[in-house]
Amino acid sequence: MTVTRIDRRMAKLKTEGRPALVTYFMGGDPDYDTSLAIMKALPKAGADVIELGMPFSDPMADGPAIQAAGLRALKGGQTLVKTLAMAREFRKSDDETPIVMMGYYNPIYIHGVERFLKDAKQSGVDGLIVVDLPPEMDEELCLPAIGAGINFIRLATPTTDDRRLPRVLRNTSGFVYYVSMTGITGSALPDTSKVSAAVRRIKAHTELPVCVGFGVKTAEQARAIGASADGVVVGTAIVNAVASVLDGKGGHTADPAEAVATLVNGLAQGVRSARLAAAE
Amino acid sequence: MNKPAEPNSFRTGPDEQGMFGIFGGRFVAETLMPLILDLEHEWNAARYDPAFRAELEGLSTFYAGRPSKLYFAEGLTRHLGGAKIYLKREDLNHTGSHKINNCLGQILLAKRMGKKRIIAETGAGQHGVASATVSARFGFPCVVYMGSTDVERQKPNVFRMKLLGAEVRPVSAGHGTLKDAMNEALRDWVTNVEDTYYLIGTAAGPHPYPEMVREFQSVIGKEARAQILEQEGRLPDAIIAAVGGGSNAIGLFHPFLDDREVKIIGIEAGGHGLDGDEHCASMNAGRPGVLHGNRTYLLQNEDGQIKDGHSISAGLDYPGVGPEHSWLRDSGRVEYLPILDDEALEAFQVTTRVEGIIPALESAHAIAHAMKIAPRMKKDQTIIVNLSGRGDKDVHTVAGMMGMEI
C-alpha cells in the first residue's frame, strides 16, 4: 500500500509523542465558501487531520447536530462534486494536512466508484470513512480504494468483539477509528477508563494508530482520551460551533471560521498536554 | 438495467451474502453488524426448528385467524364484466392486515434470542399496530417510530397503538413519513444494542430481514395457491399486489414465481403521476442505490440524495422497495406498474359499494389495476388480488379527498 499523508502525519506525531487532533466538519455547511474558509482555518488552529463530511439526506448513524448540518449543506447546494472541489481547492495552499472524506455510500455509488476514486485521488484526498460499508461489503469500495492508493479507515465499535476484530482490521489502513460508545454521533462521552481499555484491546490486534471519536466535545475530554489514544476525533462540537453563529436566515452573527478556530485551538491545547496528563 | 440470464428457479435467493443479484446486502454501520449476524444465525436455526414452527402455526391459527379466505368477488367481477376476481382476505386477519404474519414470526424470534425491548417503524400504522399487538401479547415494551405526517393522517392507528401499550414517537425529519421513521428506528437500535430487537415490517433492510419477512409472509401465497386450485381447479391467470416496501406482495408472489403461466404484477404508488416528484414508483422512476441496509431501486437525485416521494397511501409512501422486488423487476419475472392516487381512490369507493368491503388504500391500488385489466380478459380467466388490509384507518383521508368532514 502506498504511503499517504495520513501515514506520514501519524508517524511524525508519534515521534513528537503526542496524539493527533482529528477534526470533522460538514462540507458545504452552511455554504461552499464559508465551509472552505472553515477547512482552511482548521490546520492553523491546530488540527492534525481533517475529516471532510459528505452530506447525505439520510444519515442513519448521526445525531441531530450532524443531521442538521448535512441538511443545511444540501440546502446550500452542496453535492459530492462540490465536496471534492473543496478538497482540491484546499490542497492549493496545503499539501501536508491529511484529508479524510467521511459519509455514506450512496452518493459515492451514484457518482460511480471508479470515477469517485480517480476524482478523490486527483483532489488530494488521502482516506475514506464510509459508515455503511462493513467488512462484509469490502468489494464495493474498500478494495478498490486500496488499489487506488487511498486509505480505507474502518470504524471499530464496542460491539466489535475480539473474534470479529481481525476481520474489521484486515483491510483497514491509515488509522482505526474507535467509536467510543454504541449510539449516534454527538452522544455523551462514556467513562474514559472504559475507552482506554478498549483502545488497549484494539492495539493488541494492530500496529495501526487508534483514534477515538463520538462524544468528545471539550479540551479536557480531548486531553483525557488522548492520554491513551493515538488520536482524538471531534465532530459534533465543531458542527455546533458553526451552528451557534448562524442566524437561521442565511446569515451569521459572527465569523463561523473564527468560531471553529477558537474551539479547535482549545482542543489542540488539550491533545498537546495529553501525554503529560498520562505521565502525571 | 442489464437483464440477467433467466434462472432455472426464481425462488432460490438470496445467496449467502444476502444478495439477490446485485440487490440486497448488508450496508449497515459496524455497531449493528454483529447484531445482524446474530439474528441471521438465530433465524437459520429457528426456521427449521419444529418447535418454533409449531408455535408459530398455533398462533397463526388461533390468534391471527389463519388461513385467510380466498373470496370470489362476485360483485366486482359482475361490475367489471371480464375475468373472475378473487380477493385474498388478509384484511380479515387479527389487527386487520397481513402485517400480523410477520410480527408473530419475529416476536417469537425476539423471545428466543432473549431480547427485552421491541422497536418498530411504521407508515400507515398497520405494522405499528401489529407490532404493538404482539408486544402486548408477549409482554415486551414497544416503541414505534412514525413520521409526523403519518401520525396526523393515521390517527385511529396511533390511538390503537397507545391502547396496546406502545409508545409512539413521532419523527419530524424529512417529510415525516416511513423513510424518516426507519432512520430513527435504526438510530435507536444502534444505541440500544444490548437488549433491543428491531422488528422491521417490510421485506427490506439488511440481510436477513428481506428473506425472513418474505418467509413469514409467504403463507399468503401458499394458501392462495392451494385455495385457487381447490376452488377453480387451476392456477390463476394473474396475481396482483400493491408494493410499498413490498411485504404483502412478496408474500403472495413467492410461491407462484416458478409457475410461469401465472402473470405477476406489482403495483407501485403513482401518486399524482410519474412526471414530477409526487409519487413513490421507485422501480418505474428510480434507479439502484443504497439505503437502509440494502441496495435496491430508490427515488433519488443525480447526487445520490434520497427523495421523499408522495402517495395518498401512507403504507406505500416510501422511496425504496424490498431488494427481491428489484431483482424480480430486472429479471423480468414480475411486472411493476404505477397506479395514481385518483385511480386508487376510485377503486376504494367501487369495492366498498359493490362488495361491501372497505379496502386499505394500499390494497385499493392493486384492485385499481385489476379494474383496468379484468374487462379485457375472458370470463373464464381468473385474477387474485391481495386485499392486504382493511380500510377503516383510511376513512379520514378518503373523506378529506372527497371534500367531506367526519
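Labels below follow one simple rule: chain letters A, B, ... track the order of the sequence lines, proteins then strands, and each chain is numbered from 1.
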In Å and rounded to the nearest 0.5 Å, what is the [atom1] to [atom2] distance from [X] to [Y]?
X: B:Asn301; Y: A:Ser57; atom1: CG; atom2: OG; value: 7.5 Å
X: A:Thr79; Y: B:Glu302; atom1: OG1; atom2: CD; value: 9.0 Å
X: A:Met60; Y: B:Phe27; atom1: CE; atom2: CZ; value: 11.0 Å
X: A:Tyr105; Y: B:Leu291; atom1: OH; atom2: CG; value: 14.0 Å
X: A:Arg167; Y: B:Glu30; atom1: CZ; atom2: CD; value: 10.0 Å
X: A:Tyr104; Y: B:Gln305; atom1: OH; atom2: CD; value: 12.0 Å

When you look at NZ of A:Lys121, are more than 12 heavy atoms from neighbouring residues, nucleotides or ligands closer to it than 6.0 Å?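 More than 12 heavy atoms, drawn from other residues, nucleotides or ligands, come within 6.0 Å of this atom.
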Can you confirm whether B:Glu167 is buried at CD, in the sense that more than 12 heavy atoms of other residues, nucleotides or ligands lie under 6.0 Å from that atom?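 Yes - once you tally the heavy atoms of other residues, nucleotides and ligands closer than 6.0 Å, there are more than 12.
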Side-chain contact test, heavy atoms from C-beta onward, threshold under 4.5 Å: evaluate it for B:Arg187 versus A:Gln67 and give yes or no. yes
Any side-chain heavy atom of B:Asp303 within less than 4.5 Å of one from A:Gln78?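 The answer is no; the side chains never approach within 4.5 Å.
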Which of B:Ala29, B:Ala173, B:Gly18 touches chain A most, by non-hydrogen pairs under 4.5 Å: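 Going by pairs under 4.5 Å, I would pick B:Ala29.
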Between B:Lys307, B:His292, B:Met182, B:Glu184, which residue shows the highest count of heavy-atom pairs closer than 4.5 Å to chain A?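 Most pairs with chain A among the choices: B:His292.
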Toward chain B, the part of [X] with a non-hydrogen atom under 4.5 Å:
X: A:Pro55; result: backbone
X: A:Phe56; result: both
X: A:Asp62; result: backbone
X: A:Leu74; result: side chain
X: A:Val168; result: side chain

For the interface with chain B, which of A:Arg154, A:Arg163, A:Met137, A:His111 has the highest count of heavy-atom pairs at distances below 4.5 Å?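 Ranked by heavy-atom pairs under 4.5 Å with chain B, first place is A:Met137.
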Indicate yes or no for a side-chain donor-acceptor contact from [X] to the backbone of [Y] under 3.5 Å, with no hydrogens or angles considered.
X: B:Arg26; Y: A:Leu133; answer: no
X: A:Asn106; Y: B:Gly304; answer: yes
X: A:Asp132; Y: B:Val28; answer: no
X: A:Asp58; Y: B:Asn183; answer: no

In this structure, which one of B:Leu32, B:Val193, B:Thr31, B:Val190 forms a side-chain contact (heavy atoms from CB on, under 4.5 Å) with A:Thr157?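 The option that passes is B:Thr31.
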Could you list which of residues 178-192 of chain A have a heavy atom closer than 4.5 Å to any heavy atom of chain B, in residue-number order? A:Thr182, A:Gly183, A:Ile184
Let me see the working for A:Thr159 and B:Leu35 under side chain to side chain contact (heavy atoms under 4.5 Å, CB included), right down to the final yes or no. CA-CA 8 Å; A:Thr159 59; B:Leu35 280 72; 4.3 Å; yes
Test log, rule side chain to side chain contact (heavy atoms under 4.5 Å, CB included), inputs B:Arg295 and A:Glu140: CA-CA 11 Å; B:Arg295 176 159 38 222; A:Glu140 296 283 335; 2.6 Å; yes
